[in-house]
Chemist: 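The structure is given below, and queries will be raised subsequently.
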Amino acid sequence: RSVKLDDDDYVVIGVMPAGFENVLAPSVQIWAPLQYSTVFGPDSREWGHHLRMIGRMRAGVGLTQARDELRAIARTPRSDFPRVQWASLKSGLLVHSLQDDVTSGVRPVLVAVLGAVILVLLIACANVTNLLLASSARRRGEFAMRSALGARRTRLTQQLLTESLLLAIVGGALGMIVAELGVRALVALSPTGLPRVGVIRLDAAVFAFGLVVTTLVGLSVGVIPALRASREELNLGMQQASQRTTGGHQTTRKALVVTEVALAVVLLIGAGLLLRSIRTLLEVNVGFDPSHVLTMQVQESGHRFQQDSASGDSARYEFFAEALGAVQQIPGVTAAAFTSQLPLSGDFDGYGVQFENDPNANATGSALRYAVTPSYFATMRIPLLHGRLLGAEDRAGAPRAALINESFARRKFPHDDPIGKRLDFGPSDGRRYTIVGVVGDVKQSSLADGETDAIYVTPTQWHWVDNRMSLVVRTNGNAAALIPVVRNAIHSVDRNQPIVRVATMNDLVDRSIADRRFALILFEAFGMVALVLAAVGIYGVLSSSVTEKVREIGIRAALGASPESILTLVLGQGMRLT
């Protein structure tokens with residue numbers, strides 16, 4: 001079948017299997033050969049800055065060896081593939097394993113969840129051990145009778161281990177049912193950045209792992225009760241009220257309960273710290289007002305944009321300018337603008353910067369590059385701190401103007417006024433930018449990151465017009481309600497241009513802390529389970545203690561002890577354990 005992409009006809013030659021996933025870009029649905037137009041020279045902006053290279057290493061080759069070989073390749077250019085100065089690859093290549101590249105962002109959260117799971121498992125093991133100890137304490141007479149009738153210690157140990165193993169297997173089977181429901185909830189609550197979330201499921205390997213874990217748990221939690229029961233002397237077993245036997249059981253069980261409560265507190269503290277972290281992040285000043293702001297990425301596509309650089313840029317600018325004008329005419333839109341990169345969206349576009357007459361000329365720095373239309377700051381409500389904003393006068397052919405953010409100005413000019421300073425930014429063509437104003441800092445990567453140097457220019461004064469721009473629209477009501485209207489306005493200019501990544505600015509802020517919120521929900525769930533288990537453990541110890549002290553309590557009551565004093569005695573024991 002034929003399909004048209006970027007005004008070119010393509011023929012579908014294959015279909016990937018349903019299980020295939022491009023982990024570096026999971027939303028991709030179409031693959032085509034990598035091609036470049038012959039009109040682009042070796043010094044054009046298409047030179048590799050947007051490419052990622054993937055290689056499968058031979059067996060026995062480590063990542064260090066691969067880095068060394070790729071470093072040598074990068075530093076040894078071939079004469080038949082000339083490199084421009086700004087693409088010389090003198091620093092080599094960044095090399096990572098694919099697994100690390102995909103999972104590095106979520107690994108801390110998953111490791112924390114794994115730690116919480118282990119703590120809950122330990123609490124459950126302590127609880128089951130407690131129950132088995134109580135059971136063995138009640139069955140001392142039975143074990144003593146079996147020993148008197150000739151049962152060996154190994155036989156008693158085997159019986160108790162078999163009983164605990166049976167409990168573990170039944171519990172593990174029920175746990176698998178709960179796990180199936182838990183996995184569905186996990187997938188539903190998972191953040192958008194969690195890789196390969198669609199393939200998280202219970203399969204044969206998970207069931208085998210669960211069987212192994214439950215077997216080990218059953219054997220391990222049954223060891224202490226079995227050894228204690230098998231080692232008790234015959235005459236002590238016959239004496240149900242033996243103070244030494246009872247005290248030994250109670251000491252072990254109390255120690256287990258104290259351990260349970262301690263582990264539960266660890267989980268609850270972890271949940272509390274995560275909650276405080278999220279609250280702190282939500283109080284961070286993002287540098288703009290995200291309320292009532294709609295965003296979407298508008299891309300150019302088609303042959304009319306793929307001509308020589310000058311005419312292609314002219315067509316791009318004309319399309320974006322007409323689309324912006326159409327959006328600004330929509331009722332309910334108070335302001336609209338285009339930007340080359342959108343805060344908290346995953347965009348990260350930086351270039352080298354060099355100030356005129358800089359004594360540290362050899363220390364080349366870099367800054368984020370924002371190509372924005374003049375109305376961007378009013379739309380996002382980014383404050384002007386000094387100087388002036390970009391305006392209609394900052395057009396192609398006029399002296400180049402730039403804004404810098406507050407932290408950049410403070411770091412570079414701690415005792416001087418940055419207004420009027422000149423700088424080279426991006427590909428050098430001999431024309432410098434003049435700083436005309438200082439604006440507030442904006443969180444670009446995440447709410448947790450520090451401030452990054454940033455430079456703002458107009459699209460017409462940058463070295464080219466970007467082929468994709470993010471539209472920001474401030475409304476006087478529900479921003480999401482205007483999505484179809486804004487989309488139609490852009491398509492009224494050119495219906496063939498794709499519009500992707502539609503979201504409100506509030507959604508982007510929420511997504512930036514989604515991984516922490518995900519961890520918080522899990523920690524809260526595990527913490528509550530741990531708290532319930534610890535409470536059950538305390539109840540078990542107190543219940544057993546009261547049962548063993550029935551005679552003592554009766555004597556106290558007969559001697560005039562009030563119900564309140566007896567209750568205080570029992571509660572005091574529980575509070576001491578807690």
Side-chain angles (χ1 to χ4, degrees), residues 45 286-290 293-300 313 316-328 333-351 353 366-409 418 423 425-426 433-445 451-474 486 490 499 501 503 505 508:
R45 65 177 179 270
V286 294
F288 55 87
D289 180 8
V293 174
L294 174 66
T295 73
M296 56 184 67
Q297 189 181 79
V298 183
Q299 303 176 358
E300 54 83 358
D313 280 351
R316 289 189 187 96
Y317 180 74
E318 182 180 356
F319 163 69
F320 286 121
E322 292 180 2
L324 181 60
V327 171
Q328 290 173 333
V333 171
T334 59
F338 273 115
T339 175
S340 60
Q341 59 177 334
L342 185 67
L344 303 178
S345 67
D347 294 339
F348 197 87
D349 184 25
Y351 288 87
V353 54
S366 63
L368 295 179
R369 190 269 305 195
Y370 294 84
V372 300
T373 55
S375 55
Y376 176 73
F377 302 96
T379 304
M380 295 290 284
R381 294 181 180 172
I382 300 174
L384 173 67
L385 305 178
H386 188 33
R388 69 170 178 89
L389 294 173
L390 299 175
E393 66 274 18
D394 301 312
R395 58 186 182 276
R400 290 181 175 176
L403 302 175
I404 63 175
N405 64 330
E406 179 183 10
S407 61
F408 194 10
L423 54 89
F425 188 42
Y433 291 89
T434 301
I435 298 176
V436 298
V438 178
V439 295
D441 293 327
V442 169
K443 296 290 185 181
Q444 177 61 33
S445 299
E451 312 303 339
T452 307
D453 296 342
I455 298 178
Y456 298 84
V457 299
T458 58
T460 53
Q461 290 195 338
W462 184 243
H463 303 277
W464 59 80
V465 178
D466 295 82
N467 60 357
R468 61 188 66 188
M469 299 282 281
S470 290
L471 176 69
V472 291
V473 181
R474 179 165 294 279
V486 174
I490 297 172
I499 299 173
R501 228 171 59 176
M505 206 66 232
L508 295 181

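Quantities reported herein were computed from a predicted structural model and do not represent experimental measurements. All values below were derived from every heavy atom in this structure, side-chain atoms included, with hydrogens, water molecules and symmetry-related copies excluded.
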Chemist: Is there a donor-acceptor pair closer than 3.5 Å between any side-chain N or O of Q444 and the backbone N or O of G346?
Modeler: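 It does not hold such a pair.
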Chemist: Quick one, F319 and V298 - any side-chain contact, counting heavy atoms below 4.5 Å?
Modeler: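 F319 vs V298: side chains touch.
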Chemist: Any side-chain heavy-atom pair from E406 and L385 closer than 4.5 angstrom?
Modeler: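 Yes, close enough: below the 4.5 Å cut-off.
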Chemist: Could you measure the distance from the CG atom of L423 to the CD1 atom of I435? Nearest 0.5 Å is fine.
Modeler: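 It comes to 5.0 Å.
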Chemist: Rounded to the nearest 0.5 Å, what's the gap from OH on Y317 to OG1 on T458? Could you check?
Modeler: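 Y317 OH to T458 OG1: 7.5 Å, rounded to 0.5 Å.
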Chemist: Before you tell me yes or no, could you show the steps for H463 and Y351 under side-chain contact (heavy atoms from CB on, under 4.5 Å), namely the whole-Å CA-CA distance, both residues' side-chain angles and the distance that decides it to 0.1 Å?
Modeler: CA-CA 12 Å; H463 303 277; Y351 288 87; over 6 Å; no
Chemist: Would you list the pairs meeting salt bridge (charged side-chain N to carboxylate O under 4.0 Å, His left out) in which at least one residue belongs to residues 372-386, sequence neighbours left out?
Modeler: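 Residue pairs passing salt bridge (charged side-chain N to carboxylate O under 4.0 Å, His left out), neighbours aside: D289-R381.
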Chemist: Show your reasoning for whether side-chain contact (heavy atoms from CB on, under 4.5 Å) applies to L344 and F288.
Modeler: CA-CA 11 Å; L344 303 178; F288 55 87; 4.2 Å; yes
Chemist: Could you report the tightest heavy-atom contact between V327 and V486, atom names first, then the distance?
Modeler: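 Looks like CG2-CG1, 4.1 Å.
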Chemist: Using side-chain heavy atoms (C-beta onward) and a distance below 4.5 Å, is P343 in contact with M380?
Modeler: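 Yes, side chains in contact.
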Chemist: If you compare all heavy atoms of V438 against all heavy atoms of P418, which two are closest, and at what distance to 0.1 Å?
Modeler: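 Reported closest heavy-atom pair: CG2-CG, 3.7 Å.
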Chemist: To the nearest 0.5 Å, tell me how far Y370 OH sits from Q341 CD.
Modeler: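 Answer for the OH-CD pair, Y370 versus Q341, is 4.5 Å.
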Chemist: Excluding sequence neighbours, so at least two apart, what forms side-chain contact (heavy atoms from CB on, under 4.5 Å) with I499?
Modeler: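 Partners of I499 under the side-chain contact (heavy atoms from CB on, under 4.5 Å) test: M296, R487, I490, H491, V502.
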Chemist: Please evaluate residues D347 and T339 with respect to the criterion side-chain contact (heavy atoms from CB on, under 4.5 Å), reporting the C-alpha separation (whole Å), side-chain torsions for both, the decisive distance (0.1 Å), and the verdict.
Modeler: CA-CA 11 Å; D347 294 339; T339 175; over 6 Å; no
Chemist: Do you know the tightest heavy-atom contact between A454 and A367?
Modeler: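 In terms of heavy atoms, the two residues are closest at N-CB, 4.2 Å.
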Chemist: Please give me the minimum heavy-atom distance between S345 and L508, naming the atom from each residue.
Modeler: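 Minimum heavy-atom contact is CB-CD1, 4.4 Å.
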Chemist: Between T334 and R474, is there a donor-acceptor pair closer than 3.5 Å when you use the side chain of the first and the backbone of the second?
Modeler: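 Yes: the side chain of T334 pairs with the backbone of R474.
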Chemist: Roughly how far apart are E300 CD and F320 CZ, rounded to 0.5 Å?
Modeler: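 It is 6.5 Å, given to the nearest 0.5 Å.
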Chemist: Which word best sums up how the rings of Y456 and F377 line up, parallel for under 30°, tilted for 30 to 60°, or perpendicular for over 60°?
Modeler: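 Rings of Y456 and F377: perpendicular, as their planes differ by over 60°.
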Chemist: Identify the residue among R400, Q461, R388 that makes a side-chain hydrogen bond (donor to acceptor under 3.5 Å, both in side chains) with D394.
Modeler: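 Option passing the side-chain hydrogen bond (donor to acceptor under 3.5 Å, both in side chains) with D394: R388.
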Chemist: Looking at every non-hydrogen atom in both residues, tell me the closest pair between A402 and Y433 and how far apart they are.
Modeler: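 Scanning both residues, the minimum pair turns out to be CB-CB, 4.0 Å.
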Chemist: Would S375 and Q328 count as a side-chain contact (heavy atoms from CB on, under 4.5 Å) here? Give the steps.
Modeler: CA-CA 11 Å; S375 55; Q328 290 173 333; 4.1 Å; yes
Chemist: Give the minimum heavy-atom separation between A336 and T379, together with the two atoms involved.
Modeler: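 Scanning both residues completely, I find the closest heavy atoms to be N-OG1, 3.4 Å.
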Chemist: Any side-chain heavy atom of T434 within less than 4.5 Å of one from P399?
Modeler: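 Not in contact.
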Chemist: Sequence neighbours excluded and cut-off under 3.5 Å, please list the side-chain donor-acceptor pairs for residues 465-472, or say none.
Modeler:
unit_1 : atom_1 : unit_2 : atom_2 : d
D466   : OD1    : R369   : NH1    : 2.9
D466   : OD2    : R369   : NH2    : 2.9
S470   : OG     : R501   : NH2    : 3.4

Chemist: Under the ring-ring contact (aromatic ring centres under 6.0 Å, His included) rule, what pairs show up with a residue in residues 386-408, not counting sequence neighbours?
Modeler: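 Non-adjacent pairs meeting ring-ring contact (aromatic ring centres under 6.0 Å, His included): F355-F408.
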Chemist: Quick one, L389 and L403 - any side-chain contact, counting heavy atoms below 4.5 Å?
Modeler: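 A side-chain contact under 4.5 Å exists here.
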Chemist: Suppose the criterion is salt bridge (charged side-chain N to carboxylate O under 4.0 Å, His left out): which pairs have a residue in residues 454-463, not counting sequence neighbours?
Modeler: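 Of all non-adjacent pairs touching residues 454-463, none passes salt bridge (charged side-chain N to carboxylate O under 4.0 Å, His left out).
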Chemist: Can you sort out the partners of R395 under salt bridge (charged side-chain N to carboxylate O under 4.0 Å, His left out), two or more places apart, ordered by chain and number?
Modeler: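 Checked R395 against salt bridge (charged side-chain N to carboxylate O under 4.0 Å, His left out); zero matches.
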Chemist: Once you round to the nearest 0.5 Å, how far does CG of L368 lie from CG of D349?
Modeler: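 One gets 8.0 Å once the value is rounded to the nearest 0.5 Å.
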